[in-house]
Amino acid sequence: ARAQARSIDLSAQVSDRRNRLAQLDEQRDAQEKERADHQAAVAANEARAGEFAGARRALHEAQTALKAEAEDLAAEAARVDAALAAAQARRGELEADLSGARQAADRLRARHDLLGRLRAEGEGLHAGVRAVLQAAGGGEGTRGENRPASRGVSLAGILGTVAQHVHVPAEYEVAIEVALGGHLQDLVVESWPNAVAAINYLREGQRGRATFLPLDTLRPHARLVLPGHEGIIGVASDLVQSDPRLAPIVEMLLNRTAVVRDLKSARRAFDRLRGGFQVVTLAGEVLHSSGTVTGGEGKGQSQGQVLAREREWRDLPARVDEAVARVANLQRSLDEVKETEGRARETRAALDLRRRDGETRAAGLQRQVTDLEGEVALLRRQTAWRQEQIAQVEAAAARLVQREATLQAELEALGAEKAAAEARTATLRRELEALQGEALEVIARRLEHEVDAFCGASPATDDRTLVMVRRKIDEKG
């Protein structure tokens, strides 16, 4: 009976082990599914991480392109700023130059007007000369602006003063003016009758006196022959210019005058000249053929002013035209610089707009980068958690494997033990059934002892056990 109970108990343990192994299989399937889910999530995260990496590279490339564009814009802006600064500086220079040029042109016009008025009014002329010029129709003779004749009288053939018709280089003005002396105010007339009419006009009104040079009666002296030595510049008539038809006047007044550099040169020339003559230095000293010499300078007095003023008056129109042209040129240059400055400002404004647009795009890209980095960090955390879960599942699976091995070993041991018990029980039953006759009690007792030994009972088993065994034997008999 105990063998049978032991067999039943072993069967129960075998069933329990099998049930537990089945549970382990279920747990292993669940773990495999969980691990597969985690691995699939990790794979998806890795795919997304690859996508994020590509997006981050694209954003980095876009940022690099924007940075290069910003650097190009900054360089271009620096060039534009330099050009704008240069244009502004040039504009300031041109404005200053233009203002100065306008003032210079105004001064030249004012000077020309002043000299014109002085010529018209006969400023600095003897009364008779001034009266004749005014009666002839203008202080400028046949040149410049005309004025109404005095008191209805109009003198004909009056060409103007010698000073108005002789053109002298600036470096010789002092010498020629000294050489001419009072002849500067001599009046050039067309003919003898013109001179007579003018003289009568002066006499009748007691208007003063004047010297007249009729072109049809002039007889120049023979030209002065100059010695050739250092310091002699030339005959005075050769150093001036005039209308060709006035050449007799120039010859008459100046062909016996030598122009030299200084008194030392004048003294050397004096020793070699003959006849009537005069030697004039560039400083205005005069050495006459009589041997007398005139020189010096009074306070507040300067020589050469008459001819210089005439030259200035003649040159002023051209100078005024040049000044006006310079004003026009400067104005054009200023307009061009202003246009350049305006274009530079427009370009600078466009560059600023592009720069601000680039900054906006850069800020947007930076926000995208920040968001992407946040997503990447979250993805990394999720992947790390998944990997931790996989590690835990794998560890649990390893424990299951060990537990399964243990249960399997127990199951095998229990099966073997159960088989042995069943085999022994069957043997004992066959032996009990074979017991007959007289030896039944002895055999029964031996069997009882063996059964007790097998079931773990002691030799001092009580009579109740023996009675039970006999009853079993009787039942089998």
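Predicted model only: the values in this text are computed from it and were never measured.
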Quick one: do Asp106 and Arg109 make a salt bridge, cutoff under 4.0 Å? yes

Worked check of salt bridge (charged side-chain N to carboxylate O under 4.0 Å, His left out) between Arg245 and Glu190: CA-CA 10 Å; Arg245 68 176 185 151; Glu190 294 280 0; 3.2 Å; yes

Arg274 and Leu224: which non-hydrogen atoms are nearest, and at how many Å? O-CD1, 4.3 Å

Could you check if a side-chain atom of Thr211 sits within less than 4.5 angstrom of a side-chain atom of Gln185, using non-hydrogen atoms only? no

Taking NZ, NE, NH1 and NH2 as the nitrogens, is one of them in Glu95 or Arg91 under 4.0 Å from a carboxylate oxygen of the other? yes

Side-chain heavy atoms of Val235 within contact of Leu254, under 4.5 Å: no

Given side chains that start at C-beta, do those of Arg102 and Gln331 come closer than 4.5 Å, heavy atoms only? yes

Please give me the minimum heavy-atom distance between Gly284 and Val178, naming the atom from each residue. O-CG1, 3.5 Å

Under-4.0 Å salt bridge between Asp357 and Arg361: yes

Single hit among Val286, Ile232, Leu273, Leu226 for side chain to side chain contact (heavy atoms under 4.5 Å, CB included) with Val279: Leu273

Please walk me through it: do His288 and Val293 pass side chain to side chain contact (heavy atoms under 4.5 Å, CB included)? CA-CA 6 Å; His288 300 277; Val293 60; over 6 Å; no

Tell me whether the count of non-hydrogen atoms from other residues, nucleotides or ligands lying under 6.0 Å of NE2 in His229 goes above 12. yes

Using a strict threshold of under 4.0 Å (side-chain N to carboxylate O), is an ion pair present between Arg90 and Glu336? no

Gap separating the CG atom of Leu316 from the CZ atom of Arg311, nearest 0.5 angstrom: 10.0 Å

Ignoring hydrogens and angles, state whether a donor on the side chain of Glu204 or Asn200 is under 3.5 Å from an acceptor on the partner side chain. no

Rounded to the nearest 0.5 angstrom, the CG-CZ distance for Leu73 and Arg355 is 9.0 Å

CZ on Arg354 to CG on Asp352, rounded to 0.5 Å: 11.0 Å

Testing the basics here: between Pro227 and Arg272, what is the closest heavy-atom pair and its distance to 0.1 Å? CB-CD, 3.6 Å

Ignoring hydrogens and geometry beyond distance, is a side-chain donor-acceptor pair present between His126 and Arg209 at under 3.5 Å? no

Mind running side chain to side chain contact (heavy atoms under 4.5 Å, CB included) on Glu51 and Arg56 for me, showing each step along the way? CA-CA 8 Å; Glu51 295 175 357; Arg56 184 161 52 188; over 6 Å; no

Heavy-atom closest pair (Asn194 atom, Gly157 atom, distance to 0.1 Å) is OD1-CA, 3.7 Å

Less than 3.5 Å apart, which donor and acceptor atoms pair up between the side chains of residues 371-396 and the rest of the protein, not counting sequence neighbours?
residue: Thr383; atom: OG1; partner: Asn45; partner atom: ND2; Å: 3.2
residue: Thr383; atom: OG1; partner: Leu379; partner atom: O; Å: 2.8
residue: Arg386; atom: NH1; partner: His38; partner atom: ND1; Å: 3.0

List the steps and the verdict of side-chain hydrogen bond (donor to acceptor under 3.5 Å, both in side chains) for Gln63 and Gln366. CA-CA 8 Å; Gln63 286 180 320; Gln366 185 59 47; 3.1 Å; yes

Identify whether the distance between the nearest side-chain nitrogen and carboxylate oxygen of Arg28 and Glu32 falls below 4.0 Å. no

Thr340 side chain to Arg343 side chain, donor-acceptor N/O pair below 3.5 angstrom: yes

Any non-hydrogen side-chain atom of Val162 less than 4.5 Å from a side-chain atom of Leu187? no

With sequence neighbours excluded, residues passing ring pair (Phe, Tyr, Trp, His ring centres under 6.0 Å) with His112: Trp313

Trace of the side chain to side chain contact (heavy atoms under 4.5 Å, CB included) decision for Glu310 with His165: CA-CA 9 Å; Glu310 287 295 325; His165 290 284; over 6 Å; no

Whether Glu93 side chain and Gln88 backbone form a donor-acceptor pair below 3.5 Å: no

Using a 4.5 Å cut-off on heavy atoms from C-beta on, say whether the side chain of Trp192 contacts that of Phe212. no

State, yes or no, whether a side-chain contact exists between Leu98 and Val327 at a heavy-atom distance under 4.5 Å. yes

Does Tyr201 offer a backbone N or O that forms a donor-acceptor pair with the side chain of Arg207 under 3.5 Å? yes

Check the surroundings of atom CD in Glu171: do more than 12 heavy atoms from other residues, nucleotides or ligands lie under 6.0 Å from it? yes

Rounded distance [0.5 Å steps], CD in Gln305 versus CD in Glu177: 7.5 Å

Shortest non-hydrogen separation from Ala131 to Leu202 and the atoms involved: CB-CD2, 4.0 Å

Assess whether side chain to side chain contact (heavy atoms under 4.5 Å, CB included) is satisfied between Leu246 and Ile249, documenting all intermediate values. CA-CA 5 Å; Leu246 302 183; Ile249 295 177; 4.2 Å; yes

Going from OG1 on Thr406 to CG on Leu21, what distance comes out if it is rounded to the nearest 0.5 angstrom? 10.0 Å

Output yes when a side-chain donor or acceptor of Glu341 lies under 3.5 Å from a complementary backbone atom of Leu84, and no otherwise. no

Asp186 side chain to Thr161 main-chain N or O, any donor-acceptor pair under 3.5 Å? no

Taking the side chain as every heavy atom from C-beta outward, state whether Leu213 and Val189 have any pair of such atoms under 4.5 Å apart. no

Smallest heavy-atom separation, Ala175 atom then Thr281 atom, equals CB-O, 3.5 Å

Quick one about Ser237 and Arg223 (side-chain donor to acceptor, distance below 3.5 Å, no hydrogens or angles considered), yes or no? yes

In this structure, OG of Ser15 is separated from CG of Leu411 (nearest 0.5 Å) by 10.0 Å

Has the side chain of Gln278 got a donor or acceptor atom that lies under 3.5 Å from a matching backbone atom of Ala179? yes

Is there a side-chain hydrogen bond (donor to acceptor under 3.5 Å, both in side chains) between His167 and Arg314? Walk through the geometry before answering. CA-CA 9 Å; His167 300 173; Arg314 287 192 302 269; 3.3 Å; yes

Check whether any side-chain heavy atom of Val280 lies under 4.5 Å from a side-chain heavy atom of Val260, and answer yes or no. no

Check against salt bridge (charged side-chain N to carboxylate O under 4.0 Å, His left out), Glu359 and Arg356: CA-CA 5 Å; Glu359 291 174 350; Arg356 289 193 294 270; over 6 Å; no

